[in-house]
Each structure stands twice: as structure tokens, then as C-alpha cells.
Amino acid sequence: MARFMDAVTAHEPSETSVDDGLDAARGRLRELFGFADFRGRQAAVVARVLNGASTLAVMPTGAGKSLTYQLPAAMMEGTCIVISPLIALMHDQLRSARANGIRAATLTSADSDWRATMDAYRNGELDLLYVAPERASQTSFCDLLTASPISLFAIDEAHCVSEWGHDFRPDYRQLRPLMDRFDDVPRLALTATADEHTRADILNQLGIPEGGLIVAGFDRPNIRYNVRHRDNPVRQLTQLMADTPGPGIIYAPTRKKVEDIADKLAAATGRDVLPYHAGLEPHIRAEHQARFVASEDMVMVATIAFGMGIDKPDVRFVAHAGVPKSIEAYYQETGRAGRDGDPAQAVMLWGAADFATARQRLGELPEDRREGDRKRLDALAMLVETPECRRSLLLKHFGEDPPRTCGNCDNCLDSPDVIDATELSRKLLSAAYRTGQSFGFGHLQKVLTGSSDARIEQRGHDRLSVFGIVSGEDAALLRPVSQALQARGALIATEHGGLALGGEAPAILKGEKPVAIVRPPKRSASRRGSGRGDSTPNPVGDPLFDALRELRRELALEGQVPPYVIFHDAVLRAMASLRPRSLDELANLNGVGAKKLEAYGARFLDCIRRH
Ligand code: ADP
Ligand code: ZN
């Protein structure tokens with residue numbers, strides 16, 4: 001990481017050239033998007049692009065990557081060719097660009113206006129042309145490109161070009177030969193997920209100089225991380241939905257669980273809750289997805305088949321009903337919350353069984369993959385068990401050096417009680433060992449607390465030295481200790497439901513390895529880390545705000561676009577509190593550009609006047 005950071009600073013344009021180049025860009029930024037200024041590393045990327053320098057921008061979801069090519073595209077001579085892997089993603093971008101008055105078109109198998117698009121391109125009437133990577137290798141496409149000047153090649157989801165990335169797409173390899181034919185056109189590669197290895201590979205594959213790398217921090221400060229033990233998922237998720245109005249995604253591990261949770265939550269909350277998984281008919285899946293994108297309060301319960309290519313900015317929570325596959329997957333999935341910058345929640349409900357299943361699966365993997373997957377599981381176990389800042393742990397995982405606390409995760413907001421559970425762990429492990437490593441938690445608990453039954457007597461377990469050695473408050477801690485030991489692999493669930501020793505168990509038994517656990521919160525304290533009102537800054541019950549939302553819904557219906565394409569919640573909030581009285585005053589609000597002012601300004605002013 002350090003090497004790359006150095007490269008970034010070393011090659012950043014000097015202060016003066018940033019100012020020179022970007023004055024005009026800031027003007028256009030205000031005019032087109034209505035934004036007061038660039039955010040984070042956007043300025044650095046836009047400055048390079050406008051200077052004609054090829055660039056790889058690694059920026060987290062929600063950082064505003066699309067603006068870094070849309071704005072230069074509207075300013076530079078010629079058309080910007082955008083390569084994007086998914087049609088849904090392209091159409092989403094198209095709507096947003098057009099809503100801001102940028103001349104954009106897509107050339108995909110789902111479009112019928114090919115001829116018109118090609119003509120528009122030839123006539124130099126497009127700022128942006130979106131295409132899929134497959135098209136890049138077609139001679140006819142290359143011929144088309146020679147017909148009119150190109151301003152920039154923008155390659156979205158650029159990690160797809162690398163075999164090291166998690167989503168290799170061979171078609172991305174065809175981009176280099178195409179771009180090499182237009183050698184003087186700058187390239188801008190964009191991705192949210194690329195480790196060091198992948199970054200170097202993207203630079204190499206796309207012919208971008210090493211100094212062209214710009215990396216933004218991974219932090220998503222508006223997302224609040226919450227990791228809780230799963231005791232009653234439907235109750236816990238119902239509570240989350242009550243605390244967090246607005247759209248949400250709940251990830252569940254299997255199709256059956258998806259259906260089950262969706263049914264129960266719909267019944268319990270009366271809200272629009274729909275399932276999404278690969279077992280549903282494609283047209284049903286598409287319909288559920290479209291409804292979700294357009295909705296202001298729907299909850300989608302889904303397998304991980306859902307999410308890629310969904311740019312919905314107003315997702316207020318992402319919950320995991322079981323542990324995700326890895327920290328990388330967790331970060332990508334939770335990253336879908338709060339792209340608009342408003343507060344959002346990431347809630348993970350974990351159970352020891354999730355780790356047990358995952359560790360069992362390790363055994364079925366080919367030898368060479370086991371070690372890597374074991375490390376991924378250990379990292380996840382650390383995340384769920386840590387009494388320290390979750391965000392800090394996540395960012396360290398991605399090679400950053402974050403502050404020790406963030407103030408916006410469950411552990412920072414309500415620092416948990418950490419207890420030394422070394423002795424209790426030794427007792428539990430030794431009970432498992434002495435009973436032959438074939439009994440489940442319930443049996444071990446009875447043995448340790450000295451509650452005899454027929455099965456215990458029959459096996460002679462009441463005569464073991466561990467019988468009845470745990471009492472009082474410790475007895476209540478046995479279950480969390482067992483869960484913690486299972487999460488870190490010191491206790492492993494066997495196929496027949498027993499618990500066997502594994503991993504660090506011998507070291508713990510010998511007293512060489514201490515075990516600390518977080519004292520589980522009392523049941524009534526389910527508010528931990530998520531309080532009502534925390535997750536929405538929207539003024540609940542404000543008649544003007546409600547009326548503005550209603551108007552936004554009407555306009556969205558008329559224009560056949562999702563409401564967020566009209567204005568984000570933050571813009572409506574500003575309208576409700578500042579009550580602009582003229583188009584000029586309205587234009588001053590962050591997020592109101594010239595095109596939207598013209599299209600919707602009068603109607604919003606009218607609505608404000610009437611309330
Ligand atoms: P990414 O592609 O990096 O995930 P997007 O391009 O979808 O992010 O942008 C995320 C959100 O941030 C969008 O809703 C966009 O309108 C908003 N945004 C982008 N740049 C700015 C800015 N400079 N000021 C305010 N909002 C911005
Ligand atoms: Zn924190």
C-alpha cells in the first residue's frame with residue numbers, strides 16, 4: 001500500500017495546475033450536477049483526465065466515481081466511450097446522466113435505437129456512449145469509433161480485466177487492442193475493489209502508467225457497523241426495519257431461508273418485502289429488482305445473486321442473516337448501503353452454526369485452497385468477536401492505518417464488557433474431550449453444571465472429574481463461550497452434531513492461549529448500536545417534507561424513473577428547511593443543476609409555497 005500511496009502523491013498535478021484546470025470544472029460541476037464542490041479524490045482524478053493523463057481510480061462505492069468521467073465528458077471535445085459490464089448498470093447511469101442534461105446513449109443488445117445512436121455518435125452529438133466489453137472486439141465497432149473524435153475511454157469495474165480480481169471477464173482483455181488503436185485518447189479505469197496485486201495488473205493490462213494510480217480511502221463513514229449474535233432473526237430484523245425506514249437489503253445464505261425470512265417479515269411488518277434468488281423465474285427476478293430500485297421503502301431478502309449492478313443510492317440498511325463468505329464480500333455487500341452519504345446501517349447476525357458449516361466445508365475443498373479459505377474464516381471470526389472498533393478492523397484488513405475508534409460502530413457506541421473466559425473455555429474443552437468428542441453443547445452443559453439425566457448416568461458422565469464444576473454466573477456464560485470457541489475453530493461441530501477439539505484447543509487447554517469474550521448484551525438491550533432516529537436524518541412527520549416526497553413520486557412516475565433520479569432525500573430536506581422562494585434560491589441548493597432546475601424547479605417551488 002505504502003508504495004502505491006507514494007506513487008499517488010508523487011504524480012499528483014501540482015497545486016497550481018489543480019487550481020487552473022479545475023476552476024472551469026468546478027463551474028461545470030455546479031451547473032450540471034448542482035454540487036458545490038468535488039468530494040475526496042474526485043478533484044485529483046478529474047484534473048488528470050482533463051490533462052489527458054491515463055488514470056486508474058480505486059475509490060469505494062459511493063465515492064462518486066461516475067462523476068469523474070461524466071463531468072470531463074461534458075467538457076471535452078468528442079465522445080467519452082464508457083465500457084461497463086452490465087446492461088442494468090448502463091441504463092441506470094444513462095438515466096442519471098440524462099437527468100443532468102448530459103447527452104448520453106447506450107449501445108447494448110437490449111436497445112432498439114441502434115441506428116439513431118450510431119448516427120448521433122457520427123454527428124458528434126454524444127457526450128457519453130456506453131457499451132459492453134464484448135463490443136470492443138468487433139471490427140464494426142472499431143470502424144464506428146473512427147467516424148468521430150473520442151475524448152476518453154472510461155473502463156468501469158476495471159478489476160474485471162484481471163485474473164487476480166474476483167470477477168475476471170475475458171472480454172475485458174479485448175479493450176487494450178482497441179484502445180491502442182486510438183493511442184492519443186486518455187484512459188480512465190475505475191474500480192471499488194482491487195488489492196495491490198490486482199491494481200498492478202489492471203495498470204499493466206490496460207496500459208496505464210504506474211504514476212496514474214489514485215487510491216481513495218476505503219472508509220464509508222456514514223455506514224454504522226453492527227455485529228450481533230443471532231438469537232431470533234425475525235424479531236431482530238423486524239426491529240431493524242422499524243428503526244430504519246427506507247429501502248433495505250437482507251442477505252440470507254440459502255434460497256429456502258430467503259423465502260422463509262421474506263414471508264415472515266412481510267407478515268410481521270406489513271411492509272413490502274420480496275425475495276430474490278437464482279431459483280426464481282428470470283422475469284420474476286427482474287420484476288422484483290425493478291420494484292426495489294423504484295421503491296422508497298421496500299426490503300429485498302436475497303441471496304448474494306442480488307446486488308451487483310444495482311446503483312440505488314438510498315439503500316438505508318444491508319443486513320446479513322448469516323455470516324458472509326469473507327471480509328471482502330462483507331465489505332462489498334454492506335457497501336451497497338448509503339451511497340447517497342446519508343446515515344445507513346450494516347447489521348450482521350451471526351451464529352456459531354455458520355462457522356461450523358463453513359469450517360466443515362473446508363475439508364471438502366482441494367488441498368491448495370484450504371489454507372486461503374481458513375484464513376478468510378479466521379478473519380471473519382475476528383470481526384464478529386472483537387470488542388474493539390469494527391471499522392478499524394475492517395480498514396486494517398484492507399491495508400489502511402485507521403484511528404483506533406470510529407464513533408460509529410456498535411463497539412464504539414457502547415463499549416462491550418470483555419471477560420476473561422480462559423478457565424471456562426478450558427472446562428468446556430475438557431468436558432468435550434472427556435466425553436469422547438461426540439456430544440453436542442446441550443449434553444456438555446448438563447455435565448458441566450451437574451444436572452444429571454438418564455443419558456448422562458448411562459454413560460457414566462456423572463462420574464467424570466468435570467461433572468458439576470461450573471456454577472453460578474459462569475453457567476450462563478457457557479453458551480457464548482462455546483459460540484466463541486466454535487467461531488475461532490477451537491471447537492468443531494462434527495457431522496453427527498457433536499463437538500470435537502480443533503485448532504487452538506490444545507494450546508487453550510494447556511493454558512498457553514488466553515480466551516477473552518464479549519459479555520453478551522441482555523435481551524432487552526436490543527437497541528445496542530442502533531437507535532430509532534439514528535438512521536434517518538429525514539424530518540419525520542414534517543408536512544412540507546412529506547409533500548415534497550409525494551411530488552417527487554409523481555414526477556418519477558411521469559418520467560418513468562426511480563424517485564432518486566429526480567432528487568436525493570438530502571435535496572428535499574434542504575428544500576423543506578430553507579424554503580427557497582425563487583428559482584435562483586433553489587439553484588443554490590447542493591444537488592440542483594441547471595437541467596433539473598428547468599425541468600422540476602417550478603413545481604417544487606409551487607409545492608413549497610402551498611405548505
Ligand atoms: P460510485 O460509482 O463511486 O459508487 P456514484 O458515482 O454512484 O458512486 O455516486 C454516488 C453518489 O454520490 C451519487 O448519488 C452522486 O450523485 C453523489 N455525488 C457524487 N459526487 C458528488 C459531489 N461532488 N458532491 C455531492 N454528491 C456527489
Ligand atoms: Zn468503531
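We count ligands from 1, going down the list as the structure has it; atoms in each ligand are counted the same way. Everything quoted here is computed from the prediction, not taken from an experiment.
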Inset, instruction - Apply side-chain hydrogen bond (donor to acceptor under 3.5 Å, both in side chains) to T108 and D111, showing your working. - result: CA-CA 5 Å; T108 74; D111 299 317; 3.0 Å; yes

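- The distance between the ring centers of Y276 and F292 does not fall below 6.0 angstrom.
- Distances between N or O atoms of T61 and those of ligand 1 include no value under 3.5 Å.
- Of all the listed residues (F33, F35, F38), F35 holds the heavy atom that lies closest to atom 21 (C) of ligand 1.
- Between Q42 and ligand 1, a contact under 3.5 Å exists for at least one N or O pair.
- In this structure a side-chain-to-backbone donor-acceptor pair under 3.5 Å is missing from T334 to Q332.
- Looking only at protein heavy atoms, the nearest one to atom 9 (O) of ligand 1 is G64 CA, 3.4 Å.
- Ring pair F306/Y251: centre-to-centre distance not below 6.0 Å.
- Protein heavy atom closest to atom 6 (O) of ligand 1, with residue, atom name and distance, is S66 OG, 2.4 Å.
- Atom 17 (C) of ligand 1 has R39 NH2, 3.7 Å as its closest protein atom, hydrogens excluded (heavy atom only).
- Within ligand 1, the atoms closer than 4.0 Å to a non-hydrogen atom of L67 are 20 (N), numbered from 1 in the order shown.
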Legend entry - Test salt bridge (Lys or Arg N to Asp or Glu O under 4.0 Å) applied to D569 and R552, step by step: CA-CA 10 Å; D569 279 0; R552 178 173 69 176; 2.8 Å; yes

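- Of all protein heavy atoms, the one lying nearest to atom 14 (O) of ligand 1 is H568 CE1, 2.7 Å.
- For ligand 1, the atoms lying closer than 4.0 Å to a non-hydrogen atom of D37 are 22 (C), 23 (N), 24 (N).
- Listed for the Y331 side chain is a donor-acceptor partner under 3.5 Å among the backbone atoms of F218.
- Atom numbering of ligand 1 starts at 1 in the shown order; those under 4.0 Å from a heavy atom of P60 are 3 (O).
- Nearest to atom 4 (O) of ligand 1 among the protein's heavy atoms is G62 N, 2.6 Å.
- Among all protein heavy atoms, the one lying closest to atom 11 (C) of ligand 1 is R339 O, 3.6 Å.
- One finds an angle of 120° at the Zn ion (ligand 2) between SG on C406 and SG on C412, to the nearest 10 degrees.
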